[in-house]
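Below is one structure, written out as structure tokens, with a few remarks after it.
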Amino acid sequence: MVEQSKQEGDVEVVEVIHVWATTRSLSTGLMYSFAQRDDMEVLDEPLYANFLRVTGFDRPYKEELLSKMEPDGNKVIKEVIFGPGRKKYRFCKHISKEWVPGLPSDLMKKGKHFILIHSPLDILPSFEKIIPPSFQELGFANLMSIYNELSELGGPPPIIDAAQLQEDPEATIRGLCEDLNIPFQAAMLKWEAGPKPVDGIWAPWWYKSVHKSTGFEPARKYPVPFPFSHYDLLEQSLPLYNLLRRHLRKSSGLLKSPLTPPDLPVPANEKLLAWVGDELLPRDSAKVSVFDSVVQGGDSVWEGLTVYSGKIFKLDEHLDRLFDSAKALAFKNVPAREEVKEAIFRTLIRNGMFDNSHIRLSLTRGKKVTSGMSPEFNLYGCTLIVLAEWKPPVYDNTKGVTLVTATTRRNSPNNLDSKIHHNNLLNNILAKIEGNNANTADAIMLDKDGYVSETNATNIFLVKKGRVLTPHADYCLPGITRATVMDLVVKEKLVLEERRISLSEFHTADEVWTTGTMGELTPVVKIDGRDVGDGEVGPVTRRLQNAYKKLTEDSGVPIPNPA
């Protein structure tokens with residue numbers, strides 16, 4: 001066996017730098033890079049022999065390797081990795097699959113660690129025929145475990161991607177040196193071509209390509225075709241790669257987003273579970289297929305629901321409208337009503353959302369067998385999405401809001417009936433853009449004849465001389481909150497009139513409010529630069545707000561008790 005012996009001039013305590021990498025990840029090039037430093041010695045996979053001894057895996061060079069490398073992992077860690085040396089630093093290149101059970105905890109507790117990742121899309125096509133690729137050979141599961149263990153021991157380790165090294169080697173290496181608290185040396189960017197004294201015994205089988213290099217070379221402009229015989233391995237490993245990639249040290253232009261990560265309106269929503277199809281998924285994993293009809297053409301229906309004190313307000317009315325909309329659009333293989341309810345309940349319970357929360361409930365026509373417009377391609381059944389969030393009221397219901405009239409007109413029933421509560425909302429979004437540009441809460445939308453229909457997101461009411469008026473639901477959505485407020489108007493013994501209303505009538509109204517699931521009753525104090533009434537929230541609005549609040553307290557479908 002080859003053992004490291006102490007020599008005169010050895011440094012007793014060497015600072016060890018560990019890189020943990022997947023197979024075929026430019027880790028050898030990174031080892032060559034660190035070997036160029038004048039203060040660094042390197043070790044090429046010092047735990048490889050231990051890995052073969054423990055796993056029993058075969059390799060063309062196995063006998064030679066076991067005869068020349070120490071196969072006892074405990075000895076390697078104590079005497080080689082953390083043994084005395086002749087330089088200030090020691091760089092240890094580790095392949096994640098070689099982190100096997102039985103290794104002492106010192107390996108993770110001592111030294112500085114970082115992780116090198118490489119997309120399995122690039123790794124799998126580059127596998128040679130020496131070893132068939134497997135999930136274990138790729139090493140992503142081990143790499144994820146290593147990341148978690150290091151995070152628990154001393155905080156998340158730095159992560160770099162092979163793509164960063166190829167795109168901007170200097171920025172990536174400089175950033176890595178900064179993270180490792182070692183000085184950058186320009187020599188790290190170049191090395192001589194050919195085999196190196198530091199190469200492991202396996203170099204003739206694996207290092208042919210890197211031996212031709214003299215530095216980190218740019219990736220080819222276009223990738224090679226993917227070998228679809230490895231498709232299953234890609235499906236297994238790509239999610240783990242993407243999980244690690246979220247924690248990248250973004251030091252190169254390739255991987256920097258032009259936008260800084262935004263702050264969420266409610267930080268608690270950073271971690272939530274959403275229902276997609278037939279399962280609950282973490283926020284960042286909750287996605288629909290690119291073949292889904294909602295992606296292909298906005299072909300979906302939706303509802304918004306609010307939770308008050310352990311109850312879902314107007315749940316059955318919203319489900320009635322959801323299923324009516326799905327029927328109007330000729331959806332097939334629609335889930336049963338009880339299935340949708342169960343998905344809603346399970347989502348809320350799992351998230352612990354029993355109050356002050358909002359549900360965006362969507363039902364798409366489903367996934368297609370091939371891209372295209374025709375519903376004949378939808379053979380998988382509908383896709384159910386339950387997105388529950390912590391959400392305070394979206395408007396200022398105390399002081400009121402300002403509106404502007406949009407030039408974008410509301411859809412006519414001649415084109416797309418607003419009684420279908422569909423997800424194709426570009427018409428409303430264009431109006432909302434006008435509202436945003438005017439710095440108002442929302443925008444009023446007119447019908448084809450110039451009468452007021454609704455806002456881009458809510459229904460609308462006015463009060464004139466004690467009478468409450470609202471537009472016919474011909475061009476606007478017949479909202480559930482709208483219907484609830486209309487009932488309350490009657491119960492409060494106020495006169496209710498539903499008719500065509502011109503814009504000037506809203507400009508000259510005594511009071512105006514909008515209604516919607518999230519906004520409830522929102523006072524409007526200014527429209528198109530004109531004060532509504534005296535510019536303050538009016539008494540009828542306050543009266544109906546109080547009546548609505550009491551109704552939400554007293555009614556609703558209870559969320560089942562998880563106990």
Side-chain angles (χ1 to χ4, degrees), residues 262-276 279-286 302-322 337-363 384-401 421 441-442 457-459 479-485 487-488 491 513-523 537 541-563:
D263 294 326
L264 299 182
V266 180
N269 288 328
E270 183 179 1
K271 295 179 179 178
L272 54 77
L273 299 169
W275 187 281
V276 180
E279 61 181 338
L280 276 168
L281 297 165
R283 175 181 177 132
D284 288 338
S285 301
W302 71 282
E303 292 294 321
L305 304 105
T306 306
V307 178
Y308 300 96
S309 303
K311 294 175 289 186
I312 306 172
F313 188 60
K314 298 288 181 178
L315 173 59
D316 287 310
E317 289 86 341
H318 281 285
L319 290 181
D320 286 343
R321 188 169 65 185
L322 182 82
R337 189 184 187 95
E338 285 307 310
E339 289 181 76
V340 176
K341 276 190 176 182
E342 282 301 306
I344 293 169
F345 292 149
R346 287 173 182 271
T347 303
L348 291 171
I349 292 168
R350 285 291 193 187
N351 283 292
M353 294 179 178
F354 301 100
D355 199 10
N356 300 317
S357 48
H358 175 262
I359 301 163
R360 176 84 175 203
L361 178 68
S362 298
L363 187 68
L384 178 66
I385 303 169
V386 184
L387 173 58
E389 295 180 276
W390 300 108
K391 221 166 194 180
V394 294
Y395 302 113
D396 187 342
N397 288 354
T398 302
K399 295 180 180 178
V401 301
H421 202 201
D442 274 326
T458 55
N459 295 121
I480 290 168
T481 308
R482 171 184 181 270
T484 302
V485 171
D487 288 343
L488 290 175
K491 288 179 182 177
W513 68 78
T514 63
T515 61
T517 301
M518 273 305 303
E520 302 175 339
L521 269 79
T522 301
V537 181
T541 306
R542 289 287 184 227
R543 182 173 164 188
L544 290 168
Q545 280 183 321
N546 292 333
Y548 188 87
K549 184 175 185 296
K550 187 175 188 308
L551 185 64
T552 62
E553 291 171 350
D554 296 341
S555 61
V557 176
I559 301 167
N561 188 337

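Predicted, not measured: the structure shown is a model, and the values here were computed from it.
A pairwise comparison of heavy atoms in Pro560 and Ile349 identifies O-CD1, 3.6 Å as the closest pair. In terms of heavy atoms, Arg542 sits closest to Pro523 at NH1-CG, 4.5 Å. Counting all heavy atoms, side chain and backbone alike, Leu384 lies closest to Val340 at CD2-CA, 4.1 Å. The two residues Ile312 and Leu348 make their nearest non-hydrogen contact at CD1-CD1, 3.7 Å.
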Distance-only criterion, 3.5 Å: show the donor-acceptor pairs between side-chain atoms of residues 352-361 and protein atoms not counting sequence neighbours.
| from | atom 1 | to | atom 2 | distance (Å) |
| --- | --- | --- | --- | --- |
| Asp355 | OD1 | Ser309 | N | 2.9 |

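Residues Asn397 and Leu521 form no side-chain contact, since every pair of their non-hydrogen atoms from C-beta on lies 4.5 Å or further apart. No side-chain heavy atom of Val307 sits less than 4.5 Å from a side-chain heavy atom of Lys391. The closest side-chain heavy-atom distance from Asn269 to Arg283 is below 4.5 Å. Put simply, the side chain of Asp320 reaches to within 4.5 Å of the side chain of Arg337, judged on heavy atoms. Annotation: side chain of Ile480 is in contact with side chain of Arg321 (closest heavy-atom distance under 4.5 Å).
For His318, there are no ring-ring contact (aromatic ring centres under 6.0 Å, His included) partners at least two apart in sequence or on another chain. Phe345 pairs by the ring-ring contact (aromatic ring centres under 6.0 Å, His included) definition with nothing, not counting sequence neighbours. Partners of Glu279 under the side chain to side chain contact (heavy atoms under 4.5 Å, CB included) rule, at least two apart in sequence or in another chain, are Leu281. Listed by chain and number, the residues in a side-chain hydrogen bond (donor to acceptor under 3.5 Å, both in side chains) with Tyr548 amount to none (sequence neighbours excluded). Considering only residues two or more places apart in sequence or on other chains, Lys311 meets the salt bridge (Lys or Arg N to Asp or Glu O under 4.0 Å) condition with none of them. By the salt bridge (Lys or Arg N to Asp or Glu O under 4.0 Å) test, Arg350 is found to be paired with no residue, residues two or more places apart in sequence or in another chain being considered. Not counting sequence neighbours, Glu339 has no partner by the salt bridge (Lys or Arg N to Asp or Glu O under 4.0 Å) test. Taking Trp302 as the reference, His421 meet the ring-ring contact (aromatic ring centres under 6.0 Å, His included) condition, with sequence neighbours excluded. Applying the side chain to side chain contact (heavy atoms under 4.5 Å, CB included) test to Ala483 and every residue at least two apart in sequence or in another chain returns nothing. By the salt bridge (Lys or Arg N to Asp or Glu O under 4.0 Å) test, Asp487 is found to be paired with no residue, residues two or more places apart in sequence or in another chain being considered.
Note on residues 551-563: pairs passing salt bridge (Lys or Arg N to Asp or Glu O under 4.0 Å), not counting sequence neighbours, are Lys549-Glu553, Lys550-Asp554.
Of the candidates Asp442, Thr458, Thr522, Tyr395 forms a side chain to side chain donor-acceptor pair (under 3.5 Å) with just one, namely Asp442.
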